[in-house]
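These figures come from a predicted structure and were not determined experimentally.
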Amino acid sequence: MMTYDRNRNPITEGSRVMINGTGHTGIVRAIHSDGMTAADVRRQQTVEVEGYDGKVAPVELIRLGMH
């Protein structure tokens, strides 16, 4: 699944991202989108980032690079 970060850059599994507000950087490990619309995926906590406990919403992410 592909979704978009806060600046509307596409992010997918393997994208390098930074979590806004915390400065934590990591790689997107999974995007959980089963049964959701694209808008729901972008606004709800659906993304797992390597080295970060829990999930974050794509609108809280800033893409640093693709894989």
Side-chain angles (χ1 to χ4, degrees):
M1 173 77 180
M2 181 181 67
T3 188
Y4 297 91
D5 71 358
R6 68 182 300 116
N7 298 318
R8 296 190 183 179
N9 295 312
I11 56 172
T12 60
E13 292 178 12
S15 298
R16 185 164 169 75
V17 295
M18 179 175 71
I19 300 172
N20 186 46
T22 68
H24 177 85
T25 60
I27 303 213
V28 174
R29 289 293 169 211
I31 300 172
H32 302 278
S33 60
D34 296 336
M36 295 180 158
T37 66
D40 288 340
V41 172
R42 189 161 187 247
R43 290 178 178 87
Q44 295 183 22
Q45 295 181 340
T46 57
V47 178
E48 289 182 28
V49 177
E50 175 184 74
Y52 185 79
D53 290 333
K55 298 177 187 172
V56 294
V59 295
E60 298 173 13
L61 299 174
I62 299 169
R63 187 183 79 186
L64 301 175
M66 294 297 279
H67 43 79

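In terms of the side-chain contact (heavy atoms from CB on, under 4.5 Å) criterion, residue partners of N7 (sequence neighbours excluded) are, by chain and number, D5, N9, I62. Listed by chain and number, the residues in a salt bridge (charged side-chain N to carboxylate O under 4.0 Å, His left out) with R29 are E50 (sequence neighbours excluded).
Taking Ile, Leu, Val, Met, Phe, Trp and Tyr as hydrophobic and joining them when side-chain heavy atoms fall under 4.5 Å apart, one finds I27 isolated, its cluster having no other members.
With a 4.5 Å cut-off on side-chain heavy atoms, T3 and T46 do not count as touching.
Distance alone, capped at 3.5 Å, places no donor-acceptor pair between the R42 side chain and the V59 backbone.
V17 pairs with exactly one of L64, T25, V49 by the side chain to side chain contact (heavy atoms under 4.5 Å, CB included) rule, that one being V49.
Taking every heavy atom of both residues into account, R43 and A57 meet most closely at O-CB, 3.7 Å.
The structure places CD1 of I19 at 6.5 Å from CG of L61, a figure rounded to the nearest 0.5 Å.
For residues 52-63, there are no side-chain hydrogen bond (donor to acceptor under 3.5 Å, both in side chains) pairs, not counting sequence neighbours. Sequence neighbours left out, not one pair with a member in residues 18-27 passes salt bridge (Lys or Arg N to Asp or Glu O under 4.0 Å).
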Show me the side-chain donor-acceptor pairs of residues 30-37 shorter than 3.5 Å, one per line, residues at least two apart or across chains.
from : atom 1 : to  : atom 2 : distance (Å)
H32  : NE2    : E48 : OE2    : 2.5
T37  : OG1    : D40 : N      : 3.2
T37  : OG1    : D40 : OD2    : 3.3

